Amino acid sequence: MKYKAAKKILKRDTSNLSIIDKSLNISIEKEIEECLERQQEEIDQAVEELLEVARQKFNSLSEFKIFIVNNMTLNATG
């Protein structure tokens, strides 16, 4: 979902570059698309690795939640 939103924003930005040759514009769009795909793959991999570590370390979801709450620190700046 966020991937699609980012793609829309970047596509709109590149379409505003009408002074650029059309083939270059297509090349830019392709590079943006590839970058977003790689980024999404990296995010998905990080999430999977985190889930695996949590599964190995904690016996239940409740135990994991308690760990998070006990180790959370809040930074309030204003």
Side-chain angles (χ1 to χ4, degrees):
M1 183 176 220
K2 292 178 184 176
Y3 169 82
K4 288 181 182 179
K7 186 175 173 183
K8 272 185 180 177
I9 291 168
L10 291 171
K11 186 167 183 149
R12 185 186 65 228
D13 288 348
T14 58
S15 67
N16 290 333
L17 300 174
S18 58
I19 57 171
I20 295 178
D21 184 316
K22 186 173 182 166
S23 62
L24 182 58
N25 195 356
I26 291 170
S27 176
I28 291 170
E29 286 182 15
K30 184 178 177 184
E31 286 184 36
I32 290 170
E33 176 77 25
E34 290 170 355
C35 180
L36 289 172
E37 287 173 3
R38 282 192 308 272
Q39 223 173 21
Q40 188 62 52
E41 288 172 4
E42 290 172 5
I43 290 169
D44 292 344
Q45 182 180 356
V47 168
E48 285 299 317
E49 289 172 4
L50 252 166
L51 286 172
E52 187 57 36
V53 168
R55 284 186 194 114
Q56 291 174 2
K57 184 168 177 130
F58 303 99
N59 295 322
S60 68
L61 182 59
S62 297
E63 189 178 324
F64 178 66
K65 288 179 180 179
I66 291 169
F67 173 80
I68 296 295
V69 170
N70 287 339
N71 291 286
M72 187 183 311
T73 60
L74 299 176
N75 294 328
T77 57

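Please read these numbers as outputs of a predicted model, since none were measured by experiment. The first residue of the sequence shown is numbered 1, and numbering continues consecutively from there.
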Does NZ or CZ of Lys65 lie under 6.0 Å from the centre of the six-membered ring of Phe58, at an angle within 45° of the ring axis?
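So Lys65 doesn't make the cation-pi contact.
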ILVMFWY cluster, Leu61 and Leu51 together (side-chain gap under 4.5 Å)
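In one cluster: no.
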Strictly below 4.0 Å, N to O, side chains only: are Arg55 and Glu52 in salt-bridge contact?
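Salt bridge between Arg55 and Glu52, a charged N being under 4.0 Å from a carboxylate O: yes.
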Specify the closest pair of heavy atoms between Lys57 and Glu63, including all atoms of both residues, with the distance to one decimal.
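Taking Lys57 first and Glu63 second, the nearest heavy atoms are O-OE2, 4.1 Å.
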Is there a donor-acceptor contact under 3.5 Å from the side chain of Gln45 to the main chain of Glu41?
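Not confirmed, Gln45 side chain does not pair with Glu41 backbone.
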Would you say Leu36 and Gln40 make side-chain contact, with heavy atoms under 4.5 Å?
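They are not in contact (no side-chain heavy atoms under 4.5 Å apart), so the answer is no.
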Test item: Ile68 and Met72 side chains (from C-beta on) under 4.5 Å apart, heavy atoms
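Yes. Closest side-chain heavy atoms under 4.5 Å.
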To the nearest 0.5 Å, what is the distance between CD1 on Ile32 and OG on Ser27?
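Nearest 0.5 Å value for the CD1-OG distance: 10.0 Å.
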